[in-house]
Structures are given as structure tokens and as C-alpha cells.
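Scroll down for the structure; my scribbles are underneath it.
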There are 4 protein chains.
Amino acid sequence: MFRVPAEPSGPLSDAWRHCVGTGRIELALRRDHQDSLKLLQREIGFRYIRGHGLLSDGMGVYRPYEWQGTRRVRHSFTYVDQVVDAYLELGIRPFLELGFMPAELASGEQTVFWWHGNVTPPRDIGEWADLVRATLTHLIDRYGLDEVRTWPVEVWNEPNLPDFWQGADEKAYHRLYEVTAGVVKEVDASLQVGGPAISPGADAWLDRFAEFAEQRDVPVDFVSKHAYTSGPAQHVPFGVHQTLEPAQHLLDQFATPRERLKGTRLAELPVHITEFNSSYRPDNPVHDTAFHAAYLAPVLARGGDHVDSFSYWTFSDMFEEAGPPTALFHGGFGLLTHRQVKKPTYHLYAFMARMGPDLLTRGADHLVTRHPDGRVTVLAWAPVDASGQTPGPSRHRLRLSVPVRGAQEAFARRSVVDEEHGNARIAWQRMGSPRSPGPHQVDVLHEAAEPGRQHLRLPVEDDRAVLDLTLARHEITLVEVTPVVEEAPEWWDERRLLGTGPR
Amino acid sequence: MFRVPAEPSGPLSDAWRHCVGTGRIELALRRDHQDSLKLLQREIGFRYIRGHGLLSDGMGVYRPYEWQGTRRVRHSFTYVDQVVDAYLELGIRPFLELGFMPAELASGEQTVFWWHGNVTPPRDIGEWADLVRATLTHLIDRYGLDEVRTWPVEVWNEPNLPDFWQGADEKAYHRLYEVTAGVVKEVDASLQVGGPAISPGADAWLDRFAEFAEQRDVPVDFVSKHAYTSGPAQHVPFGVHQTLEPAQHLLDQFATPRERLKGTRLAELPVHITEFNSSYRPDNPVHDTAFHAAYLAPVLARGGDHVDSFSYWTFSDMFEEAGPPTALFHGGFGLLTHRQVKKPTYHLYAFMARMGPDLLTRGADHLVTRHPDGRVTVLAWAPVDASGQTPGPSRHRLRLSVPVRGAQEAFARRSVVDEEHGNARIAWQRMGSPRSPGPHQVDVLHEAAEPGRQHLRLPVEDDRAVLDLTLARHEITLVEVTPVVEEAPEWWDERRLLGTGPR
Amino acid sequence: MFRVPAEPSGPLSDAWRHCVGTGRIELALRRDHQDSLKLLQREIGFRYIRGHGLLSDGMGVYRPYEWQGTRRVRHSFTYVDQVVDAYLELGIRPFLELGFMPAELASGEQTVFWWHGNVTPPRDIGEWADLVRATLTHLIDRYGLDEVRTWPVEVWNEPNLPDFWQGADEKAYHRLYEVTAGVVKEVDASLQVGGPAISPGADAWLDRFAEFAEQRDVPVDFVSKHAYTSGPAQHVPFGVHQTLEPAQHLLDQFATPRERLKGTRLAELPVHITEFNSSYRPDNPVHDTAFHAAYLAPVLARGGDHVDSFSYWTFSDMFEEAGPPTALFHGGFGLLTHRQVKKPTYHLYAFMARMGPDLLTRGADHLVTRHPDGRVTVLAWAPVDASGQTPGPSRHRLRLSVPVRGAQEAFARRSVVDEEHGNARIAWQRMGSPRSPGPHQVDVLHEAAEPGRQHLRLPVEDDRAVLDLTLARHEITLVEVTPVVEEAPEWWDERRLLGTGPR
Amino acid sequence: MFRVPAEPSGPLSDAWRHCVGTGRIELALRRDHQDSLKLLQREIGFRYIRGHGLLSDGMGVYRPYEWQGTRRVRHSFTYVDQVVDAYLELGIRPFLELGFMPAELASGEQTVFWWHGNVTPPRDIGEWADLVRATLTHLIDRYGLDEVRTWPVEVWNEPNLPDFWQGADEKAYHRLYEVTAGVVKEVDASLQVGGPAISPGADAWLDRFAEFAEQRDVPVDFVSKHAYTSGPAQHVPFGVHQTLEPAQHLLDQFATPRERLKGTRLAELPVHITEFNSSYRPDNPVHDTAFHAAYLAPVLARGGDHVDSFSYWTFSDMFEEAGPPTALFHGGFGLLTHRQVKKPTYHLYAFMARMGPDLLTRGADHLVTRHPDGRVTVLAWAPVDASGQTPGPSRHRLRLSVPVRGAQEAFARRSVVDEEHGNARIAWQRMGSPRSPGPHQVDVLHEAAEPGRQHLRLPVEDDRAVLDLTLARHEITLVEVTPVVEEAPEWWDERRLLGTGPR
């Protein structure tokens, strides 16, 4: 039995909730997206949101025209403003990613995704600079400098991959970065700019980014990269299978920027993992499983040791990189499906959001915190077999002695997500995997997505209660332990109540 | 194993949802009351609502004044209109009960309840007639005759009890009834008027009411009485204990009006049980239990055999006959506590509301219906020991073969309410019985009030699936069985998904 | 003075509210669109909504894939269902328009609009038939046959224009129509199918459509065409100017189908004007003006004489045929701008929605109706000069004697929209024409968009009140006249109130 | 013409919005009350709310019972918590007034108001102390000490009037105060306690309260009194007429505590006018008029010069001291009627809420402020004749030169409340003074209650614009002046738009 310390070792990092990913920005105009974000913010509460395509054609920002024989450009923020207004109304701020290229400003025709994001350098770097300048100036005019200076500005996305940046041309990226960062600082020196937003396995780009920044004296306010653990995609129609590395590999990937940048000018900067997940595919059903929540639990518990933020990619299945989804559960990145059905990994985040600010202890299968009101909160998770060789252990036992001050008994509220609880995809399969469920089916799925619940009275001895937890396969469990203040009157005898009599 | 017929024997009566009781009408001005009613109407959907005190002082209807030396009366409907507007907005209609007496129109000072409803005859029967006339005329002006003629008008409440009608003076009641019914018909002959709204154990009043109506040729459009099964109150502070008769006694009480009135002029009239419950006390915790839901289940299943409606007294704990409640769970009549925590009996009603319109079969422990879309719905309940001698059986088994057409498998959704599920009072006790729970505690109670859920795939053979149900102590359970249309694609192999591998 | 008859000549046609247009269907996923539609339905209440692109790529319906070496097609209704669910939730039904062509089913690459709707015939007519069949079958499965058979199915849009149908190939359209209509009736014979959805000035297509339908015995349940009155576009950046024909030309265009189809098999069919407006351009500021409301008023008053419906194109400026709007007021078709600012023409529709069901009289500048409760409603409008030669008369006087039964005085509520009232574009210009107004500015615009209001007491003589109305330039005005029931008490002397004293 | 200074002379005091009055606390349970408060907080935003009856029987706090032969008291906060939860949810805090006496704790039977508030001293001062202690302790347990220490605690109401405190017994009040204040400080020394909450015309009580506090060393954290300007009531049924003193008398009354308490121990304490209005009667229609708004405008503009707060008595007509209102407009104190119809004085407060934080200038008929964004806001009001001898001037002219920086033109938004605008009572009278208006009538009243609006473009010269304002009788007007940033494109020629052509 593990004895949880009665006093905190420090604050619980909230790098896990600093930022979350979204499909292309334009989707934020949609009601389903906003409904999901509203739920997310009420129950979890992220601080920033990041997605692609702020400057892509769908947002209608870059608008060339002719007047009196001359070509000009109108910068238009009709949709940008609707998106940002919606974000702020929902209590979340944009983590700006500048990209992709407006078709009419692009130097080439290469695009990425079903929605055709253009990934070529600007045809005219001056017009790109104008576009960035106009965008930031407009945002400051509308939202105020105090607000906008809290919004990080990241230059492009995964330029190290030829799919995302023509030819993965590193020099061209550095040039884009330099011009962009220059404009950002010209608009206001207090704005924060960073990059290089690289995909996993390209850490050498960090070294060269640091070198470039130093040599050219280019402003860099934060460093960003991405982290994923999946192997190559084995395709089936509208889906893939992939192997995964153990979850520890995510923490290892988080750790490299600080390690590699030691001694460079970028050494002390904030590090943001601006995307992470297990699989990088929006059609891998692993995202929809209880396995996935248990797999990521230790990452959320420890990620803040290594970085300032790690941003789950993405909060909603309203996502179109591989086209509009053709079934409710389709392996999307989302914490929520369309129509706001919660996945197990949603609950992992919601459980984290119920942890207290003071860290009591962490272990291989648990995280324990305390709230100012004395409530002790335990997040526990079952070990998973990421290799796919076995389904993982069917039972996992965990005993904790937790501190309970000033009471003779404790109240414990346990919330369970596993194969049978808080697991709508399983119910959906039992229903027949309806691709576009009707209203009655959606009601059942919302119900099936709720965690299992137990409410218990525990004895307290020597200011301690014992939690003897048996976790099912792939279970994540949250236990909140509260000292009991007994208000039942002395005269009440429950045994006199009908149905409770002599047994 | 019981073989449920594949074809319906007829429609399921909905006498159970025809009407529901409320605390004094004035409480309908309150937000908590309206929030509860909104929830109730969304999930259950009653047609009518009935409560005391429409004409009592708190509603401010009867307002005498002097002008130029003469006494006059102003009839004022400020609150009546706010209440009725709220009802109609929430999709429920008033079942009007005319009473109690405005203090300034009363002939005496006797009152009932913490809120002092005056129970004496009018000082001036002409002014009473004016009051009734003005009220009905106003309602017709505001809501239209087509609407108001659907609202039954009941004269007074339990005049056979001296607490509710001074001296339980039967002649005086008949006189009040005659004048009132006359005014009602004078306002519009199509309005429906009835009585005598007697308490249990006074059926002889029915005989004399019939005789009186016949002799005096008094209009009667429906007959009403009340039904309760509790014995005398054994008081503790802010609470009581009582014995209960078996639930069958409620059905027996429902049956008497039709039996006794055979051969009289009232024989063919609608019969409304305008109040029923187990205990008639608003401070008996039996109302808050799973026992109570299982106790009443057979009554809801069969009550419609005997009467046109039987109205649960009452939908909300926002009720003040014994004063404002001093603890969240206090044995109130409500299906809902203050702050909308659902009690087990709420779920009994919500389960009934999910039954289909076609009755397939009924038994001692089950009711089976079908929806137009083929869904078969089973309500099952455990037997209870109403004597209090034992807690009742800890397990009850039930096997049903239910018809499932046109599918090889069925999806079953089971919802469970028993001692451990859908039972917020138990969680509340484990919490320490907090009299006025804080927001966090209320959240836990809302969660604890949700039924347990299971979602299963069942095999179908010969167009039948077998439900093998084991019910816990005091369980009521709802099972909805739907034929499965399988949409999972042929290429999908769940075993390749991580975490599901070779076991 | 015109003496309005006291008795109705018949019912007021509601062809004006039968249907309304929307930008491409996909936009219905957006919150701004849904917010606007919600407002529209609350205050106006259309029955059907029609837009382009149901089958275009953005809706993600047609999804070819390969499995085991074979090409197949998955039909996916993720977005279709979200759109239709939203419509039905808002109390409006789809008027289905089948089009445009999925890129992967298209025979060519020609597209229309900023959003690239493919306008070429199907590469494989069998796959098109499959697509139509799958779509209708799915809708019936989800929404029920009783519901879907109320949804008209129109084949394609403006096939007589080469921009909308490759080469404006009439034979190819007839072939598409024949195959499509055949599939529709094969799915269910009670579904309603129609066409040819032609643009103005192509009525000869109607003759040939009738001939074709007769010769080939092709099902046609309704006939559709469009009507606009604008001349050629004179472009400026992000805008156009155009001349307009007098509004009567719209009524003339409405009238032609019944005239031309006399004697054909299509003679008795419903005629739907599935699009109409003044200008066919989404960037002509005339749509935003009070002039426009006054111009269309007689069309709404009389359109129902000629057709079963005439559908305003479109209800919202959330519309992208010429790209995302670059300024709040930009000449869009919408009754509402982005962010729900009401335009004068919105009020014309809202005024029509407040007219009574009984038509008392119509004139060149007025329409008078009565409600069942006796309220008489007058819509009056100023004459406009559509030629642009003059701004139109600055004053227009109108005197009506309207029937008021059973009262000595009447209450008149007048709502005014003209250059200074209910005219947000004018306020917006005075503000500086902010392209993307901030929250404070949007508040001002919502306020400026409200009509002017007057509330008057009128004398009644011989059951008549006189309305002496002076209309300002481009005014539309609604007057509701209600008999007064005086409830002020006899003892009240207003002159004793401070501030009202001896004058 | 008055030249408004370009730079502020200091901050605008917000003593006017510090607190607002409500009918007895129990009414806060009602939906109409909460709907009104929600609107109020959205558009005005008060900080505190104060009303009578926190401890009166309707709140159900003091609950004696017997157990095992002994009398005990249960303190119950079921309703207190519902009320305070609602307040905090709506962003307003309680200004606690301790009173009146629970009937079972009272020493006598004297009551005040239709709702029978007991105004006699406690039968047992120890039980009173227990009641106060239990209440404050409970509030701290539930809401936290940091929160509750911001809630002032006022002891009783108007003890100088025999109607409110038996015999107006000053010694008895001092004794009550001393015990109560002692308990408050015993619960927590940081809680703020004060009194004596006297009615107008009793300032000598202040002197003796100071003396008593000094002599007995009793804690006093703030001083409170009330202010009204009406003369004796001349009754008609359900209404009164009264004379009024000029509004300056209110300011004079505000000023006395600081003057009289100079040199005493209470000299530096905050002064709260915990009730003020013109008439102290809840049935004087002057409260419903435009006259009333213009009368109070200078008081809101200057009241903060004299006191820390002055609390309008009351925000809503949901008020029952003289019984439930018998007509929608009945002369209630409310800024809002039942059903949220805004009165002119509501707009006075809403206009104040739109003033900027920086005070530019004040005059006899105007108040001018500036917002951080440069917007200049002018509140102007017409002079009124409080004597009732004349209706007051029919026109009042006012010319101001206001600073506008950095623009060549300004945008002015004017909001007007006078006899014809923003004046629902006038429309209601024209309608026939319907006592309980139907839904259609309520819609008209909501519309009639909206201020008149104008939106203008003004020239700017030398960084100044001229406002030439003509005010109608009893007008209050708000003008917001914003510099114009012109975004209309150079190519746009409004004269080419149809309907604007050559004039």
C-alpha cells in the first residue's frame, strides 16, 4: 500500500491544458464545432486553441482586385473576426499559426489535404509581409494590444515535411520565418513569435533553427515541435491500423528541445508541443478507445516536467483533412465526435480538470492532488500493452492510503472509464455501428459516454482513508475523497424506514 | 420463461400521465418550481397540473376596497396569469381546484397548513359566485374558450375532513358545490365541473353526492377522490414514520367510484383520482427511496384499468404545507427535490414515458409495450415488502422472450434504479446528509441520481430475443430492445485494433 | 379616402412565405447561418428552404474507394443529416435541389462560383442514379416517408445557362431529368419531382420541357423557374451597379408558366418561383436599402395571384458565390447580414408575417387584412422610381377608413421603415462604413435596424377609424388597429399626476 | 454654447450603482424577479442588492422543535441559499439587512405590510444572537469568508418609525444593535456591520447612535439612512397622489450624515443611503413616468459627492408591501414592471451605465464623460416642475462643444426617453390600461419601452463637434460621440445607387 504524503510537493503543472488543437480554423464557424468547444471549455477549460489555415482561401483574407488598371489587395477579416469572437466568447484564445498560402499569393500549386491548403512559398514576399502585417494590425485594432500580445504567433506548420512545405526547403523556411518575425515585431515588439513547428523525427532542424536565429539575429520568443508515436499506416477503406510506441516515447520527444537547445540563444525559451497524439492519422480508431485514454494518462501526468505546453491534436472530429467523416466513429482525432459524444480520452482530460492545484504524489499508475478545501483527488490508470501483442491485463490493483483531515469518515466519489463504462464506441458497435445515428441513437450514445459512478463511505483512521482500487482493462478512474461532516440528526433511525428493516 | 406476445392486446392506458399534483399554486411563480416542471415536461410530459390555493390570499385575486363610501371588490389576476402562462409555456394545463377562501370573504378564521389556507365557507355566497365567475370569465378572455373548456374545474379539496372544510359539513359542501357549478355553467355550458375531491375512507360521500346531484339536478361532469395507503404518523422532528398497506390497496381505492356509482346519474362520468401517493405526509422519507418506486410500479401499470387519471401528489419538493423544508432530502412528496435532483419515483415515471403506445403484455412484475418503429420496451420491478417486516428479497429473477422482427441480433439498453443506482438519497447520506448541499455536492447528487446503464447485444432466434433479468432489491428496470441493422463494413477487423488483440 | 370593406374578400395567399433561398447547403452547418435562420423563423416563419450544392464535394456525400482491387462508392450523409436536422429543429423543411456534380462523378472540369460547383453531366449516369437513390432512401429511413414526401425534389439549377450546365445543353438536361425523376419515383411514387428551374428569359424551355415530359411520359409534379429584374452589371471592386425593371415585371415573369403551359400535360401543376429578387448579383447594394423593400412590397402583396410560391433569394448574407464578403454591408442577397442585422426587406417580410389571414382589400400602395380577434392590419408602401432617374417622391399620402367593431376608440401601432428608420446601412455609413464592425458598433447597428414605432389612440365613429398616413421616401409602414377595451378605473385622474398638470 | 473640457477633472463616481433595493428577500425565489434582475445586471450592473425580511417567517430560517421533551431551534437555510445562489449567479451580492423578527421568536404580534413582517424585539435576546450567529456562520461555510466579508450587515430597518420597530424604541434598538454587532464581530472581526437605517427626518438618531457607539464601544463599520421627497399620501383605491420636494432635497438628505457625524467616532465611516426614491409609496404612478427620470437625473449625476452609495428603492414591481399589484402599471417602485417592461427611470440607470469612467464636466442639465477609447458620452435632461403647478417646459435647448480627437467627422448616437419615447405607460394607457395585458399587448409594451434613436454624422472642427440638443418635455437623452474612421472605398459613389439619384 502506498502512503500518499499529507503535504504537497509543489503545484501540479497545467501544461496539459495550456493548448488544444482544432481542424482548420474555418471550421470554427460551424455550430457543431462551437457546441463542442463550449462543452469542452465548461468541463475542461483550455487556454489556447491552434489550427491550420488561418490565411488559406476558405478564410477569405487575401483578396486581390483591380481598380483603375492597377492590381491591389484588400485584406478582409469577416471570418477571422467571427472565429476569434467565438473563441473569446467561449473563454479560449487563439494560438496563431500563420499559414497556409493564399492561392493567388502562392508561387506554386502544391496543396495538402482534402481541403487543398497551398504549401508553396509566397510568390511575392512583400505581399506576404503585408498580409501578416495587416492581419496582426487588424487583430490589435479589434481586440486591443494587451489581449493580442498574449497570443503566440507560430510561423507555418511542419516545414520539414515536403507535404507541408514545398520540398521541405529549410532555407526557404528560414527566410519565411525571418521576414514574418520581422513584421510581427515591427507591428509591436511585445508580440511573441516562434517556430519551427516541426514534425517528430526532425530535431536536427532545431539545432539549425537556433544557429540561424543567432547568426541573423532573428527574434524567437518560443520554440515549437510536434510529437506522435505511431508507425506506418496500413490502410483499409476510410481507416488505418498502425503500431504505436510506448507512451514514454511521447515524453522523450517532449524533452528534446530543452536538451538540444542548451547553450544556444534559444535555451531558456518556452517550449510548446503544438501538436501531439498517438497516431497522426485522423482515421485510426485507436483514438476512440478506452485503451487510448489509459495509454495517454501518464503523459498528461508528467508532460509538464518537460515543456510549457503539449497540445492534444484535436478536440473535435469536425475535421476534414481526409475529407468529411463518413461515420460517427471513424478514428478521428477528436476528444468529441460530431454531435458531442465524449470519447474516453475526453474523460481523461475532464478528470485532469478535476484534479487539485497541489500535487501530493505521482506514480506509474496514479496521480494524487489536493484542493484548497481539503478534497483529495486520485487519478489512476491501468497499464496498457502498446505493442498490440496482448489486450493488456484484465485487472490491475492499486492500494493507496490518502490523507483525510478532521473527520472520522470520508466520502468517495469514483468515476470509471473502461471497456464498459464511458465508452460510447462500444455501445455504438453493439447498436450496429450506425454511420449516421438518428436522434434516439445519439441519445443512447450520450448516455453510454458517461463514466460509471460509485459513491462510497470510507472509514478514516489516524487521518487516513484506504483506497483499495481494482482497475479493469484499460480503465482510468478518478476518485475524489472528501471528509464527511455528518448532519444527519441524532433522532433519525434509518432502520425504521420501510424497505430497510431487519435483514 | 414468459413468452411475450408478438401482437398487442390494445393500447397502453396513459391515465398515469394525465395529471400531476403541485404545492399551492403560488409556488408556480418560483424559478425552482418552474425549472423542475420544465425538466418534468421534457422527460415525462404530464397533461394537467393540480394544486391548492388558487383563490387563497397569496394569489391576490380577491381585493375589496372602498370608493365614495361604498365597499366593492376588485378581482385581480396578476399572479394567476403569470402561473397559467408558465404552465402553458411548459406544455401543461391547469386542472383547476377552486379554493381556499380569501380571508376577507371567509366566514371564519380556521386555516390549514403552514401557509394558512382559510377553510371556512364564504361569508357571502354571492361574492363567492362573483369571484368564481370573474375568474373563469377572465381565463376565457385571456386564453380563449376552446382552451379553457379543456380545463376541469374541481370544487374545493377534501371537504370530508374537518381540517380542510370547517366541520366537514357535507350540506355546506353541497351548497358550495351547487352554487359554484351553477356559476361555471352560466359562464359557459361547455366548461367541465366536478367533485367532491374526497380523501380516502369517505366513499359514502360519493353516494350522497350522487343523490344530491340527482335531486337538485346539479351539473357534474366528473367525479374525483384521493387515495393514500399510509397508517398513522409516528413523529420525529421534521419527519414521520408510517406503515403502508400493500400497493394493491391503491388500485382498490381507485376502483370504488365506478363500483359505487353504478346505477346513479354519475355512473358514466370520468373518474379522476386527483391525488394519490403512499404516505399523505410531506415529511416521510419513504417518498425518497427506491422501495417507493418499486412499490408504485404495479400501480402505474394498472391504474388506468380503473380510472381516467390518477395524479401523483406531488411533482416537486417545493412544497410548504408543513413549512419550508429544512433539508434537501426530507421525505417530501416531490418526484424532484429542490434543485432538481431526481428521486427513484421520478425514474418510474420517466420509464413509463418511454414505454410504447401498444401494450404487449402485463404481469405481476413486468409491463411490455411496443413502439411504432418496432422497439419493444420492458418495465420490470422487484417485489417489495410493504409491511416493513423484511427489507424484501435481495434478488428477483425474470425471464422474458420478446419479439424482435427482421434482424439477427438485437440491441438492448437497460436502465436500472435500485439501492445503488439512480438513488441520490443514498449518496446524500454517504456524503453526511448535508441539509443545504453546496454546488459541488449538488453536482454529485445529480450524477448519483442517474440510473445505471447497460448496453448489450443479444442474439435473435426465430424472431425472438431472451431477456434474462436479475433484479436487485427494490429495483425497477427499463429495457429497450431494438433490432440491429449492421452497418460495420466488411473490411473492418476489430481484432487488429490495439488493446483488443489476441487474448 | 379609401373605405376598406368590413368583410373579407377571401384569404390572403401565403405563397410569399412558402419558400426562401439560402447560399450553398453546406453553409447551413455554420452558426451564423443557424442564428439567422432561427431569428427568421421566429419572426417570419417560412415553410421551405432551397439552396445549391446538396451533392457538391463540400457535403462529402459521394465517396469512391477501392477494396480488394475494385472501385466502389460509399454514400455518406454526415453533413446532410446535420443540415436537415438543423432545418427541422428550426421549423423549416428542405426544398431539395439535386446538384451540382461531385468532382469524381463529373464528366468535365467546368465549375461555377468561388466555391467551384461542378456543372458538367455525370460521367456515369448509373452512378448518378445510385447517388440520387441512396440520398432519398437515406432521408426516408431517417426522417420517415410521411415527412420526406412533403419535400419537393427539383432537378438541377438554371440548366439554360452555360455557366450552370455545361453548354446549356437542353437534351442533356432532359436526359438528366428523366433518369433522376425515374429514380425518385422508384424510391417512392409519392415523392414530388419537378423542374426545369430555368433563369429568366428562357421560357421557351418550358414549352419544350412540357413536350418532352409528354412524349417520354416522364413524371413532373411541379414546374419551376426564376425571376429577376436587373440589367447588366457595371462592376466596381467588390460591387456592382445595375438598372432595374419596374417591380411589375416580376409579377409578369411569375405569370408566364401558367400561361404558356395551358393545354399541356403540365397545365394544372403547382408553379414554384424557386428564386426571385431584383438584382441577381450578391454584391449589389440595392439589396440593403429601404428602396428595395418599397420596390418589392407590391410583389409580396400580389405574387400569390400567379404562383404557388416565390422564394426570396436569399435569407442571409452568409453566401459565398462571389467569395466571402469583405464588408458587413456589401450588397448581399440576405434579408439579414452576418451577425443578424436586419435589412429593410427583412422588415417587409416580418410585416407580411404580421398580416391577418383574411384579406380585406389591396391597392397600388396598400394591403389590408384582418385577424380572427378583430385586429385590422394595414401594410402601406411609398411608390419608388425604379428607373433611377429620380430618388422617388419625398412624401406619399394615403387615407383609409378601416372597420373597427364594438369600440369607441382604437389603438394603432405603427411600425416604420424608411431612409431614417429600420435602416442599418444608413447608420453604418454614418459610422464610417466599418467593414468588420466591433461589438459596440454591431450593437448600434442592431438598434438602428429596428423600425420606428408610434402608438396612437384613434377615435372610432360608425365602427370606423380613419388612418391618415404620410409616408416618407421609400417607406413601408405597418399599422395594426385594435379596438380599445378601457380598463382605467373611474377614479383615476391623470391630471393629478405630477408633470401632467395645468398646461 | 458650453465648451466641454478636453481633459477629465477626475473619475465619475459610481455610488449610484453600488446598491439597489428589492422587495422582501423571499421574492427572489420567483422567476419574474430573477428574469428582471438578469436584465438589470446585463444592462446596468449593480454591485449589491438589499431588501427586507431575510429572517422573516417566509424564509423559513428559525424553526423551533421539541425532542425528548426539550425545546430546541433548527436554523434552516434552504431558501436563503437559493436566494444568495441566484444573486451571485447574476453577478450581484447581498447587502444583508437583519430583520424582521420570526413570529416564534417575537415578543409581540405587531406586524408591518401585507405580508406581516413582525416588528417587535426578540422574546429572547440569546436566541436572536444564536440566529444571527448561525446565519453568518452558515454563509461563511457556504460562500467563503473572503466573499462574505464583502457583504455589509445592516441591523434592522427604519427603527425610528413605530410601524417598523415597536414603539420606535431607540434604547431597544441600541440594545439590538449592540448584541447583533457583537455577534457579527465574534463570527469574524472582518465582517462589516452598521446602522441605524433610519427613515428621512430623523437625523437626531444619528447623533445619538454615534454617542451610543462611543459610550458602549460598539463596532460600527458604516452608517446608513434613507431619503425620500414625497409629502403625505392622498389615497384613491389602489393608488395615491403626493406632492414632491425638488430633487435637490434628496442631495441635501444624502449630505447630512457626514455633516452631523463630524467629530464623532463615526466621522470617517462609509455612508450608505440604503433606500431612496421620490415617493415612499409603492402605488404612486409618478414612479412610472418620464417626469420621474428627468427628476432624478441630477441626483444620479451628483449623489456620489455626498455618500458612498444611494440605493434605488426598488428595481422591480414584484413587490408586495401593499399586496400583490392589481394592474401592470400601478405606481410600483420598480425600474421594471412585472414581465420586464422598462420604465423611464430604468433608462436613466441604463444611460448612466453607458457613461465613461472619466468625468469631463457636469452642469445643471448635463453630465459629460469619456471612455478609454475616446468616445464622449453626454447625458442631458430637461428641467422639471416638481411642484405640479405646471407640466414643465415643453422644450429645453442645450448646446455643447465636445472634444473629438483625431478625426474629421464624428458619429453621434442619440437615445431619447420622453413622453413619447421609451415610455410604455403612455402606450399602455392608449391601449386602454389593460390590467393584465395579454402576450400580444406585452410585446407592444416592450417595444414602446425602447428609447427613440437617432444616428447622425457630425462635422468636426479643431478637434470639436457641436451638439445642439433640443429636449422635449421630461426628456432624458444620451448622446455618444465617436470619431469616424472612414472605411468606405474611394470607388464607391452612393449617388449611383437606385433611389438616391439626382434630387
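Residue numbering restarts at 1 for every chain, and letters A, B, ... go by the order of the sequence lines. Here the structure is a predicted model, which is why all the values come from computation and not from measurement.
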**Request:** Using a 4.5 Å cut-off on heavy atoms from C-beta on, say whether the side chain of Glu409(B) contacts that of Arg430(A).
**Result:** no
**Asked** Going by heavy atoms in the side chains, are Glu447(A) and His455(B) under 4.5 Å from each other?
**Response** yes
**Basic-acidic side-chain contact under 4.0 Å: Arg453(A), Glu420(B)** = no
Most contacts with chain A, counted as non-hydrogen pairs under 4.5 angstrom, among [options]:
options	value
Gly392(B), Ser415(B), Pro285(B)	Pro285(B)
Gln234(B), His241(B), Glu486(B)	His241(B)
Pro434(B), Ala327(B), Ala407(B), Gly432(B)	Gly432(B)

**Asked** Highest number of heavy-atom pairs under 4.5 Å with chain B: which of Val485(A), Val444(A), Leu456(A)?
**Response** Val444(A)
**Asked** Relative to chain B, which of Asp373(A), Val286(A), Leu497(A), Asn284(A) shows the most heavy atom pairs under 4.5 Å?
**Response** Leu497(A)
**Message:** Just checking Trp491(A) against His235(B), ring centres under 6.0 Å apart?
**Reply:** no
**Asked** Should Trp492(A) and Gln429(B) be marked as a side chain to side chain contact (heavy atoms under 4.5 Å, CB included) after you check the CA-CA gap, both sets of side-chain angles, and the distance that decides it?
**Response** CA-CA 12 Å; Trp492(A) 182 253; Gln429(B) 287 184 314; 4.3 Å; yes
**Asked** In Å and rounded to the nearest 0.5 Å, what is the CG to OG1 distance from Leu498(A) to Thr390(B)?
**Response** 10.5 Å
**Request:** Give, for atom CZ of Arg354(A) and atom CG of Asp443(B), the distance between the pair rounded to the nearest 0.5 Å.
**Result:** 9.0 Å
Which bit of [X] comes within less than 4.5 Å of chain B, counting heavy atoms only: side chain, backbone, both or neither?
X	value
His440(A)	side chain
Ile426(A)	neither
Ala386(A)	backbone

**Request:** In sequence, state the C-alpha distance, the side-chain angles, and the governing distance for Arg496(B) and Val236(A), and then conclude on side chain to side chain contact (heavy atoms under 4.5 Å, CB included).
**Result:** CA-CA 11 Å; Arg496(B) 291 181 63 191; Val236(A) 295; 4.2 Å; yes
**Message:** Before you tell me yes or no, could you show the steps for Phe291(B) and Thr500(A) under side chain to side chain contact (heavy atoms under 4.5 Å, CB included), namely the whole-Å CA-CA distance, both residues' side-chain angles and the distance that decides it to 0.1 Å?
**Reply:** CA-CA 9 Å; Phe291(B) 165 89; Thr500(A) 62; over 6 Å; no
